[in-house]
Structures are given as structure tokens and as C-alpha cells.
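Worksheet: one structure, shown below.
Reminder, nothing fancy here: chain letters follow the sequence lines and each chain counts from 1.
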Number of protein chains: 2
Amino acid sequence: MPKTPPGQTRNRVFRFVRDCLLRGDSPSLREVQRHFGFRAVETVRAHLTALVEEGRLVKEPGRARGYRLPKRQSQRQTKGQTKGLSAPVPEWSAGRLQPVPLLGEVAAGGFEEAIENPEGNLPVEIPDSRDLSDYFALRVRGESMSGAGILPGDTVIVERRGTPVSGQIVVALLEEEATVKRLYLGQGGMELRPENPDFDTLRPPPGSCRILGRVVELRRQVR
Amino acid sequence: MPKTPPGQTRNRVFRFVRDCLLRGDSPSLREVQRHFGFRAVETVRAHLTALVEEGRLVKEPGRARGYRLPKRQSQRQTKGQTKGLSAPVPEWSAGRLQPVPLLGEVAAGGFEEAIENPEGNLPVEIPDSRDLSDYFALRVRGESMSGAGILPGDTVIVERRGTPVSGQIVVALLEEEATVKRLYLGQGGMELRPENPDFDTLRPPPGSCRILGRVVELRRQVR
DNA sequence: CAGCATAACAGACATTTGTCTGGTATGCCA
DNA sequence: TGGCATACCAGACAAATGTCTGTTATGCTG
């Protein structure tokens, strides 16, 4: 019955469980017991319940393998580190994962044709309230939106639902070519503004342009 | 006893279990049963064992909640059924998709603490050759990389493997703060260059900086 | 039609896993 | 010295969870 200094074993137990959980694998009490060579399950349980009380772990009651890492609360509101506007925290993992068709660049060939022949699918999380068929993905071609952090080669995920709203980043279909621009609706009609001083604002005559949808997510493979 | 077309329920079960797993939460048979309203556990077990045989899931034997996403992508062989029907949305497979822990911003509080309090999990596709524990995700805080199209609020997925290479975009740990910069290794030591003229290049003295990993993907939720 | 495969049900059963109750030893401190 | 807290052990127990065996439909196919 080797007794260790207070808190030492507890930390080792915590690190072990944490590493398991980061691997996506919640350990059972007896697995922890075996790993440390304890001769009683209760030893592990004591440690884990203590860790829960300390707030270092969280337990879902009535579940086997129910220990979790606590979600981090937004504990930094007093920090004042938000110089200017703070970026909105994205809500990942809110809906279900669905295969959104990746249409490619949609330059030559036409949009309708691209819809029929997607290049592949992208796992995208979409809200429960939406339908999978409202979404598609496109690869960005030009530099015209680089000022908004949208670079050539990036993939944008587009939701084609609802009416276009002024100020949104949209995908527009102009003469069988899809382009990403920021949409503005004024008295003079529709404006498609690039976010790059080297490009000009487009003012397509009514009827010559179709808004395919609004950009809801962006993904980039680095290197 | 409503009977569904062959394979249909199986796919729905698969998607449900896959989404659970990507959230880092392996469901029990009875949880799946409840979700679908089956009146027998065995129904679920039959589906899951079939999914394991098809290679779409993997099971760790003798464990409660032992179903996992397969490391290797068994390409979907959907034998028959490929009739020229109305473009059935191809099921992208959950092969190398794995739950990567999202650590948050890691500004105040320190990195080690952030590892212990992830905000959640992000479904990320990682290569077969890599291990899940080599990845984590972070939210970007400052404007210092906006020239590279990395904006505040974006989420970067980081691979912490191998030696840092000059020219890569990396996450560096400086005094308990994680920052995204482009790394340059010269004779004068390490340089961390922002990609924004308003920020200065950092030249941390040796030993005061740890490279946590390299940015491999970027995600942004628009609006 | 018979034969076969699949989808689903029903309920018993076995294993895994968490929980409880009580005990021993050690160190700290008033 | 006697509490008192902590670390750990021992074993029984109960709840959660996976496994098995058998049954009823339904559709397909030769």
C-alpha cells in the first residue's frame, strides 16, 4: 500500500484520463486502475470524484464511461483584450453533419451542369432546421475577395435559402460563371462589390444575374 | 414492425453513430435504440455489426460503448443500387474523419490549461498515416496574419508533428500565449513574422518559445 | 411455390462498469 | 496523545450495456 504525497497521484490520474479523452476515448474506472496498478477500483473512483469536485473533470451521471473534459466557459470577459470589435465565437458542432456536394470552380461549363456532376462531397455541419439540398460548396478562383480573407483555392460553403440581404457575401451567377462578391442592394439596383482595390464593382443589369446563395463557411487547406 | 427498404435504416443508423463519434461521444446500443424508437436492442446490434462487417465502423471487443470510426478508409463499394437513378447524394464516408479537440483562443489562461478544457470537437479529415492526438484546433485572436487570409475568429487546425520548417505557418507558444505566425529559421535564430504591416516580426530568444505545430487547415464561419 | 435474405421484435442472459460500505495505514496538527 | 484528513485496499452489489437465441414479417428469385 504505497502512499504517495498528497495530490501527486491525483495529478497523474488526471493527466492519464485527460489524454484518453483527447483521444476520444473515455476510460472506465477499471482501465485506469489497471494502468496505475491500483488494487482497488474504489481508489480510482475516489480520485475521479475528487477531480470532478475540483472542476477538473465532469461526469455524466448514470452512464458508463461518463467522464468528460469540462467545456471551457467564457471566463475572459473582464480581460479587455477585445480591442475594437470582438469576433463572434463560431458555433461549431451545432447541427448534423451532412455531405455537401463540392461543385468545383464553375467557370466554364455552367452551373446547372456542375450541380449534376459534383467533384465530391464535403462533411459540413448544417443546422437541424435546414435541408441538405440547400447547400453546396465551390472553390474560389480569383483574387477579388482577398480583402475579406477569401483567397483563390479556398472552398466556400454556400446556403441557397431565403432572400439575399444587402451586405452579405454571396455567390452570383453571371453569364454561366459563378463569382463570390459582397452584395449591396440600393436604389440603383444590385451591386456586386469585390473586396480588393484592383477589381471593379459590378452592376449587372436586372435579369442578367442570379444570386445562388450566401457564403456561410470557408475552408482552406494550408500547403 | 415497419419494415424499411434494404439499407435505408442502416444508413440512418450509421449517420447517427458517426455524428455521435465525431462529437467525441460513443453511444450505447440502447441510446441508438431510443433515438430511432426501435423496440428491440437486437435491431441496433444487428445494424452495428453489419456496419462493422462493411468496414464502415470499427468495434473494440469486450468494451462498453466500443464503436469507433475506422482509421482507414474502406472505400464505399455500394455494389448494386448504382442504377441511373436521380443522382443519389453519394454518402461521403467517415473514413479519416476524426474528432479534433477545439481548445479555444488560448490567450489568457495558458496553453496547458486550454488542453484540459477544450470547447468541443471538430470533425476533421486527417491522413491515415497520422494519429488523432497529433491534432488540435485553435481560434485565431489578432489581426497579425490577415495578410495571409487568416482573420480574427477563424479556426485553425494544427498538426503538431515533425520539425518546424522555415516558411510554414505555425502556432508558437510565447509566454503562455499561443500565436499564429509564419516561421523563418535563419542564421540569426528564429523569426516569427506576422503577415500584416501593422505588426512587427518577433525574434524570441532561444528557449523562450515553443512551436506547437503547423497550421494545416483553416475554417471560418461567415456571419 | 419454396428457398433465402433482410428487417425487425421479444426477452433472457452475461459482462462490463459504476457504487457502496467498511477497513488499514500514514502524516499533520492542536 | 488523539483527532482528522488523505491515500489506498477489499469485496459485495447494482446499474448500464452487450450478447444470445428464437420468432415474425416482407420482399426477391429461381
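- Candidate nucleotides C/dA10, C/dA8, D/dT17 were compared by shortest atom distance to the side chain of B/A40, and C/dA10 ranks first.
- To the nearest angstrom, C1' of C/dT19 lies 14 Å from CD of A/Q33.
- Comparing atom distances between the B/K59 side chain and each of C/dT19, C/dT17, D/dT19 picks out D/dT19 as nearest.
- Nearest-nucleotide mapping onto DNA chain C: of B/F38 and B/G62, the residue sitting toward the 5' end is B/F38.
- Among the nucleotides C/dA8, D/dT19, D/dA12, the one closest to any side-chain atom of A/R30 is D/dA12.
- Side-chain atoms of A/E42 stay outside donor-acceptor range of the base of D/dC8, with no qualifying N/O pair under 3.5 Å.
- Using a 4.0 Å cut-off between a side-chain N of Lys or Arg and a carboxylate O of Asp or Glu, A/E31 and A/R65 qualify as a salt bridge.
- With rounding to the nearest 0.5 Å, the separation of CZ in B/R220 from CG in A/D154 is 7.5 Å.
- Here the side chain of A/T9 is nearest to one of D/dT19, D/dA10, D/dA7, namely D/dA7.
- Ranking C/dC20, D/dT19, C/dT17 by closeness to the B/Y67 side chain, first place goes to D/dT19.
- Nucleic acid contact for A/S28: sugar-phosphate only, since backbone atoms but no base atoms lie under 4.0 Å from a heavy atom of the residue.
- When heavy atoms are screened at a 4.0 angstrom cut-off, B/R65 is found touching the sugar-phosphate backbone but no base atom.
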